[in-house]
2 protein chains.
Amino acid sequence: MAIDRKQLIIEAATKSFSLFGFKATTMDQVAKIANVGKGTIYTFFKNKEELFDEIISSLISEMKRAADEAMDSTLSFHEKVHRGLYQILEFRLKHQLTIKLFQEEKEMGTPAVMEVMIKLEDAILGYLKEKIVAAIDKGEIQECNPEVTAFIMLKLYVALIFDWEKRNEPLEKEEIAKLFEQYIFKGLSNR
Amino acid sequence: MAIDRKQLIIEAATKSFSLFGFKATTMDQVAKIANVGKGTIYTFFKNKEELFDEIISSLISEMKRAADEAMDSTLSFHEKVHRGLYQILEFRLKHQLTIKLFQEEKEMGTPAVMEVMIKLEDAILGYLKEKIVAAIDKGEIQECNPEVTAFIMLKLYVALIFDWEKRNEPLEKEEIAKLFEQYIFKGLSNR
DNA sequence: AAATGACCGAATTACTCATTTAGTCAATTG
DNA sequence: CAATTGACTAAATGAGTAATTCGGTCATTT
C-alpha cells in the first residue's frame, strides 16, 4: 500500500505543535512537513482543531497506559495512586507537547488550548475516580465521594509537584509519597 | 487640625484600585478623588507602588484580625484552622479590592500585582504556620513540617473554595469543614 | 514649609494597512 | 474517477507609527 497520508499528517502536526504550539503552527507548515498538499489535510480532518483533538486523544491514551504500567496489582491502593499520579504528572513535565501546551495555556490563553487542557484534566480525574471507586468496593478505603476525592488528590499532587517548587526546594518523589500518605491516606485508610 | 491628606490619598487610592485595578488607576485620578494636588501624593509616597504596598499592608492586617476574631481559644485546632482559613478566603471572595487584584493577576499579570499577591500568600502561610507550631507544641497534633503543612492546608482550601466551583456546584462551608477534617485532620490528629 | 499642577520623557494605546492564515474548490494526477 | 493538490479568498493578524496618556519632577504659589 501507499504511504499512510493520515499518519504522516498526524506526525507532522504533532512535531509542529510540540515545537511551536497550537497557534503558531500553520496548516501550510504541517502540509509541508508531511509532504502533502494542504487540501489533503482537510480530507482527513474537518479543521485545525479536529486535528489537534485527535492528537490530544492519543496523548491521553498514552498517559493512561503509562500510569497503568507504573502500577501493579500487588501494590496497596495508596501506592497505586501515588505511582499512577506521579507518572501522569511527570509525563506532563517531560513530554515536549504537554510542556508547550501548558506554556501556551497560561501565556497566551489560546482558546483551543484551554479547551483541550480541560479535557486532559477531566481524563485524569475520570481515571482517578475509577481507581477510587474500585478501592471503595474492595474495602481498601473508607466510603467517600469519589469525585471530590479524585479532585483533592490531583490538586494536592499538582500543588506538591508544580506549585511548591516555585518558591522552595523541589520535593523528592519519596517525600511526596510520604506527605500524600500522611495527609490524605492516614485519614482515609480503614486501618 | 486640617484634614489628613495622607488618609485622603489612601482612601482615594483604595477606592480606585478596587474599582479599576492597579494598572488602570492613574495618579491623576487618585489626586482628583482625594481632592489633592498630584505632587502631594509624592510627599507621602515614593511612587505608585509604595502607595499600593501600604494599602496592601493594611489589608493584610485586616485579614489577620478577621481571622483571629473568627476563632476563640476554646475551639479545637482543627476548628480554629478551618474558621481562620475560611474567614481569610471569604474575605478574599468578598472584598472589592482583593477580587479586582485577583482578576488583574491572572488576566493581565501586572508585575506589581503579582508581587503583592505573593506577599499576601506569604502572610497567610506565615499566619497558618504560627498556629501549626503552637498546636504541635501543645500536643494537639502530630509532629510535622509546619511549612509544608501550612502550604497543603492553604492549597486544599483554595482548591475547595475557588477551583472546585469552576466546574461543579459550590461546596457549603460545612462540607468544606468536613472534607478538611476527613482528608487532612484525621491523618494528623493524635486521637 | 506645604501644596500644587504645568511640564517632560517614557510608555502605552489606537489605528492602519500589508501580510498571513484557515479553509475551499477547480484543476490535475495516477 | 477517486484521490490529491495548491492557487485562491475572505478574515484575522500584527508590524509600524502617530497620538495620547501616564508616572514622576520641580518651579511657583499659598
Side-chain angles (χ1 to χ4, degrees), chain A residues 1-56 100-101 104 107-116, chain B residues 1-56 100-101 103-105 107-116:
Chain A
M1 90 185 184
I3 34 169
D4 184 349
R5 290 181 142 69
K6 186 173 177 184
Q7 199 49 42
L8 282 180
I9 291 165
I10 289 177
E11 276 160 27
T14 303
K15 195 183 285 178
S16 185
F17 287 146
S18 300
L19 234 44
F20 310 112
F22 175 80
K23 208 178 166 200
T25 288
T26 70
M27 296 303 260
D28 279 304
Q29 195 176 151
V30 172
K32 191 131 163 234
I33 298 175
N35 262 314
V36 136
K38 187 163 58 158
T40 308
I41 299 176
Y42 288 88
T43 67
F44 295 111
F45 305 95
K46 210 172 86 242
N47 52 38
K48 191 179 175 183
E49 273 200 51
E50 206 175 77
L51 170 59
F52 187 42
D53 260 12
E54 186 148 331
I55 288 171
I56 296 299
K100 198 76 203 174
L101 293 181
E104 193 172 348
E107 280 175 17
M108 334 183 49
T110 315
V113 174
M114 305 285 276
E115 232 172 75
V116 135
Chain B
M1 88 187 185
I3 35 171
D4 183 349
R5 290 179 142 66
K6 186 172 177 184
Q7 199 50 41
L8 282 180
I9 292 165
I10 289 177
E11 276 160 27
T14 303
K15 194 182 287 180
S16 185
F17 287 146
S18 301
L19 235 43
F20 310 111
F22 175 80
K23 208 179 165 198
T25 288
T26 70
M27 296 303 261
D28 280 304
Q29 195 175 153
V30 173
K32 191 132 162 234
I33 297 175
N35 265 314
V36 138
K38 185 161 61 156
T40 308
I41 299 176
Y42 290 87
T43 66
F44 294 112
F45 305 95
K46 210 172 85 244
N47 52 38
K48 192 179 176 184
E49 274 200 49
E50 206 174 77
L51 170 58
F52 187 42
D53 261 12
E54 186 148 331
I55 288 171
I56 296 298
K100 198 76 203 172
L101 293 181
Q103 178 196 338
E104 193 172 349
E105 183 190 25
E107 279 175 18
M108 337 185 45
T110 315
V113 174
M114 305 285 277
E115 232 172 73
V116 136

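Convention: sequence-line order gives letters A, B, ...; per-chain numbering from 1. Note that this is a predicted model, so its numbers are computed, not measured.
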Here the distance between atom C1' of D/dC22 and atom CG of B/N47, to the nearest Å, is 14 Å
I want to check something: taking the side chain as every heavy atom from C-beta on, are B/V30 and B/F45 in contact at a cut-off of under 4.5 Å? no
Reading DNA chain D from 5' onward, which residue's closest nucleotide shows up sooner: B/T40 or B/A24? B/A24
Using a 4.0 Å cut-off on heavy atoms, which residues in residues 107-116 of chain A reach DNA chain C? List them by number, or say none. none
Looking at CG of A/L8 and CZ of A/F44, how far apart are the two atoms once the value is rounded to the nearest 0.5 Å? 9.5 Å
For the OG1 atom of A/T40 and the CG atom of A/N35, what is their distance to the nearest 0.5 Å? 11.0 Å
Heavy-atom contacts, protein to nucleotides 7-16 of chain D, under 4.0 Å, summarised as B (base), S (sugar-phosphate only) or - (none) per nt, yield B---------
Which distance, rounded to the nearest 0.5 Å, do you find between the CD1 of A/I9 and the CG of A/D4? 9.0 Å
Side chain of A/Y42, heavy atoms from C-beta onward: which of C/dG23, D/dT5, D/dT25 has the nearest atom to it? C/dG23
Separation of C/dG5 P from B/I41 CD1 (nearest whole Å): 11 Å
State, with a plain yes or no, whether a side-chain heavy atom of B/K32 is found less than 4.5 Å away from one of B/D28. no
Below 4.0 angstrom from OP1 or OP2 of C/dA2, is there any side-chain N or O of B/T43? no
Rounded off to whole Å, could you give me the CE-to-P distance for the B/M27 and C/dA11 pair? 17 Å
Which nucleotide in D/dT4, C/dT21, D/dG24 has an atom nearest any side-chain atom of A/T26: C/dT21
Between C/dG5 (P) and B/K32 (NZ): distance, integer Å: 12 Å
Measure the distance from CZ on B/F22 to P on D/dG23 and round it to the nearest whole Å. 8 Å
B/D4 atom CG is separated from C/dA2 atom C1', nearest whole Å, by 14 Å
Quick one: does A/T25's side chain have a donor or acceptor within less than 3.5 Å of a partner on A/S16's backbone? yes
Rounded to the nearest Å, what distance is computed from the CD atom of residue A/Q29 to the C1' atom of nucleotide C/dA22? 14 Å
Rounded to whole Å, CZ of B/F20 lies from P of D/dC22 at a distance of 12 Å
Closest non-hydrogen atom pair between B/E104 and B/K23, with its separation: OE2-N, 2.9 Å
Decide yes or no for A/E49 and A/F22: does some side-chain heavy atom of the first lie under 4.5 Å from some side-chain heavy atom of the second? yes
Between B/F20 and B/K100, which heavy-atom pair has the shortest distance, and what is it? C-CE, 3.7 Å
Has A/R5 got a side-chain N or O lying under 4.0 Å from the OP1 or OP2 atom of D/dA3? no
